[in-house]
Amino acid sequence: MIPIIIDCDPGHDDMMAIMLAAASDEIDLLGVTTVAGNQTGDKTFENALRVLTLINEEIPVARGADKPLLRELVTAPEFHGQSGLDGAELPEPGIKSLDIDAVDFIINMLEESLEKIVLVPTAPLTNIAMVLLKKPEIKQKIERIVLMGGGMHDSNVTPAAEFNIYVDPEAAKIVFDSGVPVTMVGLDVTNKALMSFEEIDGIIADKGVISSKVGPLLKFFANANKKIFGLNGAPIHDALAVAAVIDPTVVGTKFLNVVVDTSSELSRGATLVDIYGATERKPNVDVALKVDTPKFVGFMLDSIKKLDRKFA
Ligand code: RIB
Ligand code: CA
C-alpha cells in the first residue's frame, strides 16, 4: 500500500479525494490535514471531520493554516456554498481530531515513518510550504508531492491562474522550487475529469447510505460549474490527484519547467509551463497533460459503490 497524507480544503472535490483514498486497497491514508481555501479554516476543518464521520473512517485529522503565508484569504463560496459542502446534510463530527497543528502532524508522520510518504495537497499549499520551511531536511522523507493545482492553458479564478495556486502563490513557489518530486495535476486535465449529470443522477438513484449524500452534493457542485463555466457536470479536480497516485496511467505527464508567478498582480499565481523548452530553466515538475476520463470516472463510481456496501 502507498502511504499518503491528503492536505485539503473540503470542498466537494476534496471530499471525493478523501473517499477515493479511503475506499482504495492501494492507499494507506495516514491522515487528513486541512487548510483555509474553499472556505474558512473553521469550515474546511469541520467538513473534513464530517466527511470522515459519514464514511466511518477513524483517520487522524489535523487543522492547519487559516490564511496564506503573506496574502489575505480568498474563498470560493460560489462553487462550494457557505458551508463549503452545500448540497446535503452531513453528520455532526463524530471522530476526534488531533490537538496538533497540521504542519507538526505532517512533520511528525514523515519523521516516524519507516518509508517515504506521498503528500497529496488538494488546496492552497500553505501547510506544505510551512512544512518545508520549518524542517527543510524532512524533504528526504517525502516520496512525491502529487498536487491538484495550476494549469498550463487553463485557469479558473483569473485569466492567468487556478484557485489553489492563486490563493497562496508564495507557498506554491516554495513547493515547486523545493527539489521534491512534484506532479502537477492541473486544470488542463482536471476539467476533463468530469462526472456528467447523467452519472450523478445514477449515483442518486443508488439510494445507498453514502450515495444518497454524495449524489446531491455532486449535483450542487455540477450546477455551480455549469452556471459559471458551462460544464456538463462536476469536475472532480482533487480526486484526480489521488487517482494519479493509485494508478499513474490515469494521467499522461511530461517533465517540464514550471515557474509560479508571485510578482505581478495581473498574473498572480500563474503556473508558467515551459512546454517547448524555450527557457534555460531546468525541468522541475511532472505536468499532467492527458487524462483517461473513463478510467477515472470508473474509479469514482466503484469507490462510491464500495462505500455504500460498507453500510448495506
Ligand atoms: O481549482 C480547483 C481547486 O480549487 C480544487 O482543489 C477545489 O477544491 C478548489 O480548492
Ligand atoms: Ca480543494
Side-chain angles (χ1 to χ4, degrees), residues 4-21 32-41 43-48 51 61 64-68 73-81 83-87 102 119-128 145-169 171-172 175 183-195 214 217-218 220-222 224-225 228-229 231 233-245 260 268-271 288 291 296 300:
I4 76 168
I5 294 172
I6 294 177
D7 185 69
C8 57
D9 58 343
H12 294 74
D13 50 333
D14 304 79
M15 171 188 73
M16 299 310 291
I18 292 169
M19 289 188 174
L20 178 59
V32 170
T33 53
T34 64
V35 65
N38 283 324
Q39 262 300 347
T40 61
K43 292 179 180 179
T44 59
F45 177 61
E46 181 173 311
N47 287 341
V51 169
V61 180
D66 285 333
K67 69 177 292 295
L73 177 62
V74 174
T75 58
E78 66 278 18
F79 288 102
H80 302 280
S83 72
L85 269 179
D86 282 16
L119 302 184
V120 185
T122 64
L125 290 160
T126 316
N127 289 343
I128 309 303
I145 296 173
V146 183
L147 62 90
M148 192 280 137
M152 185 165 74
H153 296 312
D154 217 339
S155 60
N156 61 0
V157 66
T158 70
E162 177 277 329
F163 180 80
N164 289 337
I165 310 300
Y166 175 83
V167 170
D168 198 341
V175 172
T183 299
M184 180 179 111
V185 181
L187 291 175
D188 309 280
V189 290
T190 66
N191 272 335
K192 299 186 184 93
L194 203 70
M195 292 188 78
V214 166
L217 282 158
L218 288 180
F220 176 93
F221 191 50
N225 278 277
I228 298 169
F229 294 128
L231 293 179
I236 318 295
H237 304 286
D238 297 335
L240 186 58
V242 170
V245 176
V260 179
R268 150 192 170 171
T271 45
V291 55
F296 170 70
M300 295 316 304

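Counting starts at 1 for both ligands and their atoms, in listed order. Atoms considered below: every heavy atom in the structure, side chains included; atoms not considered: hydrogens, waters and symmetry mates.
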Report the nearest protein non-hydrogen atom to atom 6 (O) of ligand 1: residue, atom name, distance rounded to 0.1 Å.
-> Asp238 OD1, 2.6 Å
At under 4.0 Å between heavy atoms, which part of Asp14 makes contact with ligand 1: side chain, backbone, both or neither?
-> side chain
Less than 4.5 Å apart, any side-chain heavy atom of Leu73 and any of Val167?
-> yes
Numbered atoms and elements of ligand 1 in range of Phe163, under 4.0 angstrom, heavy atoms | 1 (O), 4 (O), 9 (C), 10 (O)
Can you pull out the closest protein heavy atom to atom 9 (C) of ligand 1? Residue, atom name and distance to 0.1 Å, please.
-> Asn38 OD1, 3.1 Å
Atoms of ligand 1 under 4.0 Å from any heavy atom of Met148, numbered from 1 in the order shown, are 2 (C), 3 (C), 5 (C), 6 (O)
Decide yes or no for Val146 and Val185: does some side-chain heavy atom of the first lie under 4.5 Å from some side-chain heavy atom of the second?
-> yes
Relative to the Ca ion (ligand 2), which of the N, O or S atoms in Asp238 is the closest?
-> OD2
Quick note on ligand 1: atoms under 4.0 Å from a heavy atom of Thr122 include exactly 6 (O)
With the side chain counted from C-beta on, respond yes when Leu85 and Asp14 share a heavy-atom pair under 4.5 Å apart, and no when they do not.
-> no
Of the backbone and side-chain N, O or S atoms of Thr122, does one lie nearer to the Ca ion (ligand 2) than 3.0 Å?
-> yes
For Gly41 against Ala36, the heavy-atom pair lying closest together | N-CB, 3.6 Å
What residue and atom, counting heavy atoms only, is the protein's closest point to atom 8 (O) of ligand 1, and at what distance?
-> Asp13 OD1, 2.7 Å
So His237 and Leu187, side chain to side chain contact (heavy atoms under 4.5 Å, CB included) or not? Walk me through it.
-> CA-CA 7 Å; His237 304 286; Leu187 291 175; 3.5 Å; yes
Residue part near ligand 1, for Asp9, under 4.0 Å between non-hydrogen atoms | side chain
What is the OD1(Asp9)-the Ca ion (ligand 2)-OD2(Asp14) angle, to the nearest 10 degrees?
-> 70°
Are Thr271 and Glu162 close enough that some pair of their side-chain heavy atoms sits under 4.5 Å apart?
-> no
Run through Asn38, Asn47, Thr34 and flag the one making a side chain to side chain donor-acceptor pair (under 3.5 Å) with Asp9.
-> Asn38
For atom 3 (C) of ligand 1, what's the nearest protein heavy atom and its distance?
-> Glu162 OE2, 3.3 Å
Under the side chain to side chain contact (heavy atoms under 4.5 Å, CB included) criterion, do Met300 and Leu20 qualify, and how do the steps go?
-> CA-CA 7 Å; Met300 295 316 304; Leu20 178 59; 4.0 Å; yes
